[in-house]
Amino acid sequence: MSKTILIIGACGQIGTELTHALRKKFGSEKVVASDIREGNDALMNSGPFEILDATDYDAMEEIVAYWEIDEVYLMAAMLSATAEKFPMRAWNLNMNSLFNVLNLAKERKIEKVFWPSSIAVFGPHTPKTNTAQQTIMEPSTVYGISKQSGERWCEYYHEKFGVDVRSLRYPGLISWKTMPGGGTTDYAVEIYHEAITNGTYSCFLNADTSLPMMYMDDAIRATLLLMESDAANLKIRSSYNLAAMSFTPTEIAASIQKKIPNFEIDYTIDFRQAIADSWPNSIDDTNAQEDWGWKAEFDLEKTTNEMLNNLRATL
Ligand code: SER
């Protein structure tokens, strides 16, 4: 019998596309989407859906039992910018949701877990260029502290309890189907929307702030690839570095100007600059390449083409 999958946080930026990708691959009825609120029509109409608060262990256990779930993808989280405003709520959501899923796996109620980490696990003392898998970390944001702690717990549950948990340190993710919410890398999505609707964008990060980024199709492909990989090949059970491209606001603006020559960018810097300044400029993902054959396909130019073409058709 084929496996049954639960996605928690299915209505968010990653969850929405992950749900569609998993439904396409394994069949709609095999993939249960859940979130604290309902999602867009395309998501709600494409297969089973449950309202679930990821911090509620009993509710999660009930859904897992009812649908006979084998695998959980835990995508619910409070992102970096919002977490600075609500530190305790962020810690509560980001950590307790993870413990709930890890404990279900420890109790053998589910077999496999995917949990996303982030470039936010790195901090101001981390070497910024081609940041290594293992290096100085010391995250200085609430979100980064929660992801760093989560990574330690994932590895611990794997080592002590044999839990099959797999994780990626996603860079900033760029997509057109669902907006990101509350992140520092969100500017790289907003800029495409504003380029089409207004022809101008006011950026909250400095012109020369370089951050690691990835197009959503690559992120989804990496996630499915990691989850399919033979467990024996996975040497890292905290979270894998994952990379595709890095660019600055100046560079993304220039790539948009190739398609929309009159597009203009200006800068109104806010508190998110300090968050971005604490993160790496670029990431070394050699371990992901070697252990499970990762290779990104989308660079900045390809991403800009996809974003502008798809948004033009939908906005
Ligand atoms: N994209 C996330 C954020 O900006 C980082 O994982 O918060």
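This is a predicted model, so every value here is computed, not measured. Below, each value reflects all heavy atoms present in this structure, side chains not excepted, and no hydrogens, waters or symmetry copies. Atoms within a ligand are numbered from 1 in the order they appear, just like the ligands themselves.
Across Ser80, Ala77, Pro116, heavy-atom proximity to atom 7 (O) of ligand 1 is greatest for Ser80.
Residue Thr184 has at least one heavy-atom neighbour below 4.0 Å for each of these atoms of ligand 1: 3 (C), 4 (O), 7 (O). The distance from ligand 1 to the heavy atoms of Leu79 drops below 4.0 Å at these ligand atoms: 7 (O).
Close N/O approach between Ser118 and ligand 1 is found [any backbone or side-chain N/O within under 3.5 Å]. Note: no N/O pair closer than 3.5 Å links Tyr170 and ligand 1 by distance alone.
The pair Lys3-Glu71 counts as a salt bridge, with a side-chain nitrogen and a carboxylate oxygen less than 4.0 angstrom apart.
Glu84 and Thr141 share no side-chain donor-acceptor pair at under 3.5 Å.
Remark: Lys30 fails to qualify as a cation-pi partner of Phe26 under the 6.0 Å distance and 45° angle criteria applied to the six-membered ring. Cation-pi geometry between Arg272 and Phe204 is met: the NZ or CZ atom falls under 6.0 Å from the ring centre, inside 45° of the normal.
Screening residues 275-291 for salt bridge (Lys or Arg N to Asp or Glu O under 4.0 Å) gives Lys235-Asp291 as the qualifying pairs, with residues at least two apart or on separate chains.
At the top of the distance list for atom 1 (N) of ligand 1, counting protein heavy atoms only, stands Thr185 OG1, 2.8 Å.
Counting non-hydrogen atoms of other residues, nucleotides and ligands closer than 6.0 Å to CD of Glu107 gives a total above 12.
Only the side chain of Trp279 comes within 4.0 Å of ligand 1, counting heavy atoms alone; its backbone N, CA, C and O stay farther away.
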